[in-house]
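One structure is given below, encoded as structure tokens.
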2 protein chains.
Amino acid sequence: MARWEPGTSERLRAAALELFASNGYEQTTAADIAGAVGLTERTFFRHFSDKREVLFNGQEQLIESFLAGISAAPDDAAPMDLVAAALESGTALFAHERRPFSRLRQSVIDRNPALQERERHKMSGLAATIGDALRARGVPEPAATLAAESASTVFGIAFTQWIGDGETRSLTDIARDVLAELRGMVGGRG
Amino acid sequence: MARWEPGTSERLRAAALELFASNGYEQTTAADIAGAVGLTERTFFRHFSDKREVLFNGQEQLIESFLAGISAAPDDAAPMDLVAAALESGTALFAHERRPFSRLRQSVIDRNPALQERERHKMSGLAATIGDALRARGVPEPAATLAAESASTVFGIAFTQWIGDGETRSLTDIARDVLAELRGMVGGRG
DNA sequence: GTCTATAGTGCGATAGAC
DNA sequence: GTCTATCGCACTATAGAC
């Protein structure tokens, strides 16, 4: 019998989401979350560098998935092809069953400016990492940054649609449509 | 003779930038900044809702300038024409003389993750406001959001170039080039 | 202007796993 | 013995309430 249960971070995250959803983010202290899983505030901060992080940890695989799509693309792929490849791969993580969880989490974030700020920061980090991958493949500036930011923007818009009321399409399908819309809008008629 | 000096916010902002630049953001307390201009910590927080805000207040005219460009565009302008108009107008605020100040301010931000987070948040607010303006002009979704985010991205990339070492072009000229690059990249050859 | 709650840090002590 | 997760306590700064 272990002295400490495994998966402490996961349990803290689950408890945090639950408490944030029912009592509000600001009304929930770090000590409340820790207490809910039988730990102390100090331990909470060992697992998460700050209180917001408890809602944003575990996104590493999202980044990895975007990067995997880029790695798998053919050598002669244009920047926008790499964006498409990254989106195909990155959006595949969001299975239909995940929608209720994503909706709940987003509703918490949408009600708090500090959390929105952190969310933007994370999306920005995603774009930066994609940009690095593109530059590593030889995409020059400013194309690499433009492409990376476009991928992040398309993902964000698609995600918002995906968790929208009554939406049933897959995130991947939505992202394809949004990307097509971007191509049409920027490319124009000519 | 006034009871207190006018331009308190401005003096606090100037003192803050100076202290952040020389001592670091985290090493500078709100009380330090207030003390530097003969005020108390409490007064600092009456002028700025939080410590980071002291570096980001005063960007309202940037937003207004972007919106003015959109308002002035012809009725039949396409979304990307509106992006171009917004950028022309918004970038015009950054006169050459402002470069040293912008460089110093950015160097402070670049050295602190919390400030980068706030910066992203502000850029995000800019994109959201542009998006509102586009929707008000009848641009549908997701084109409005895509265009607004593109404007914000182009501005960000152009700004980074503008404060780069040895750069002499105007921000407006750089933004034009970056926007052209975006058009070329997304539009592709066809 | 004062008072207070909370976020977040630093450090030493403890106690199981190995 | 080492390693690591936890606790407990003291502490500062932010930020908001009064």
Side-chain angles (χ1 to χ4, degrees), chain A residues 1-58 108-109 111-122, chain B residues 2-5 8-9 11-13 15-58 108-109 111-122 125:
Chain A
M1 184 68 182
R3 171 99 164 75
W4 302 288
E5 303 295 325
T8 305
S9 291
E10 285 70 16
R11 285 183 298 127
L12 282 169
R13 275 192 242 135
L17 180 59
E18 201 175 317
L19 290 169
F20 291 164
S22 50
N23 308 336
Y25 172 78
E26 306 216 321
Q27 286 66 43
T28 305
T29 68
D32 289 339
I33 302 165
V37 298
L39 297 169
T40 67
E41 181 187 61
R42 193 67 189 84
T43 303
F44 176 91
F45 284 112
R46 262 184 50 83
H47 284 268
F48 307 102
S49 54
D50 67 51
K51 191 180 151 189
R52 304 177 203 174
E53 243 345 77
V54 75
L55 268 181
F56 293 92
N57 248 356
V108 168
I109 294 171
R111 274 185 257 118
N112 188 281
L115 292 175
Q116 293 164 34
E117 209 168 333
R118 177 57 53 85
E119 185 181 39
R120 277 288 164 177
H121 187 67
K122 293 290 179 176
Chain B
R3 218 156 49 150
W4 22 261
E5 302 297 323
T8 305
S9 290
R11 285 183 299 127
L12 281 168
R13 272 191 245 137
L17 180 58
E18 200 175 317
L19 289 169
F20 291 164
S22 49
N23 307 335
Y25 172 77
E26 305 217 321
Q27 286 66 45
T28 306
T29 70
D32 290 339
I33 301 165
V37 298
L39 298 169
T40 67
E41 180 186 65
R42 186 67 186 81
T43 305
F44 176 91
F45 283 112
R46 277 200 289 106
H47 284 269
F48 307 102
S49 54
D50 67 52
K51 189 180 153 188
R52 304 177 202 174
E53 233 1 65
V54 74
L55 268 181
F56 293 93
N57 248 357
V108 169
I109 294 171
R111 273 185 259 117
N112 188 283
L115 293 175
Q116 293 165 34
E117 208 167 333
R118 176 58 51 86
E119 185 182 40
R120 277 288 162 178
H121 186 67
K122 292 289 179 177

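Sequence lines set the chain letters: A, B, ... in the order given, protein chains first and strands last, and positions in each chain run from 1. Bear in mind the structure is a predicted one, so any value in this text is a computation, not a measurement.
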Notebook entry, point to check: Is any side-chain N or O of A:T40 closer than 4.0 Å to OP1 or OP2 of D:dC7?
Noted result: yes
Dump the pairs, protein N or O against N or O of nucleotides 16-18 of chain D, anything under 3.5 Å, distances to one decimal.
| from | atom 1 | to | atom 2 | distance (Å) |
| --- | --- | --- | --- | --- |
| D:dA17 | N6 | B:R42 | NE | 3.1 |

Notebook entry, point to check: Just how far is it from atom CZ of B:F44 to atom OG1 of B:T8, taken to the nearest 0.5 Å?
Noted result: 13.0 Å
Check: Separation of A:E53 atom CD from C:dG8 atom C1', in whole Å?
Finding: 14 Å
Margin query: Does a side-chain N or O of A:H47 approach OP1 or OP2 of D:dA5 to a distance below 4.0 Å, or not?
Written below: no
Margin query: How many whole angstroms separate atom CZ of B:F48 from atom C1' of D:dA13?
Written below: 18 Å
Check: Of B:T43 and A:A30, whose closest DNA chain C nucleotide lies nearer the 5' terminus?
Finding: B:T43
Next item on the list: Test side chain to side chain contact (heavy atoms under 4.5 Å, CB included) on A:K51 and A:Y25 and set out the steps.
Entry: CA-CA 9 Å; A:K51 191 180 151 189; A:Y25 172 78; 3.7 Å; yes
Next item on the list: Find the distance A:K51:NZ to D:dT14:P and express it as a whole number of Å.
Entry: 18 Å
Note to self: For A:V54 and A:F20: C-alpha separation, side-chain torsions, deciding distance, then whether side chain to side chain contact (heavy atoms under 4.5 Å, CB included) applies.
What the structure shows: CA-CA 11 Å; A:V54 75; A:F20 291 164; 3.8 Å; yes
Notebook entry, point to check: In whole angstroms, how far is the C1' atom of D:dG8 from the CG atom of A:L39?
Noted result: 14 Å
Notebook entry, point to check: Is it true that A:R13 and A:E10 have a side-chain N and a carboxylate O under 4.0 angstrom from each other?
Noted result: yes
Notebook entry, point to check: Rounded to the Å, how far apart are A:F44 CZ and C:dT6 C1'?
Noted result: 12 Å
Next item on the list: Mind calculating the distance between CG (A:L55) and P (C:dA7) to the nearest angstrom?
Entry: 14 Å
Notebook entry, point to check: Should the pair A:E53-A:K122 be classified as a salt bridge under the 4.0 Å nitrogen-to-oxygen rule?
Noted result: yes
Margin query: To the nearest 0.5 Å, what is the distance between CG on B:L19 and CD1 on B:I33?
Written below: 6.5 Å
Next item on the list: Write down the distance between CG (A:N112) and P (D:dA15), rounded to a whole number of angstrom.
Entry: 13 Å
Notebook entry, point to check: For D:dT6, does OP1 or OP2 lie under 4.0 Å from any side-chain N or O of A:T8?
Noted result: yes
Item checked: Other residues, nucleotides, ligands: >12 heavy atoms within 6.0 Å of A:Q116 CD -> yes
Checklist line | Atom-pair distance (CZ on A:R46; C1' on D:dA5), nearest Å | finding: 5 Å
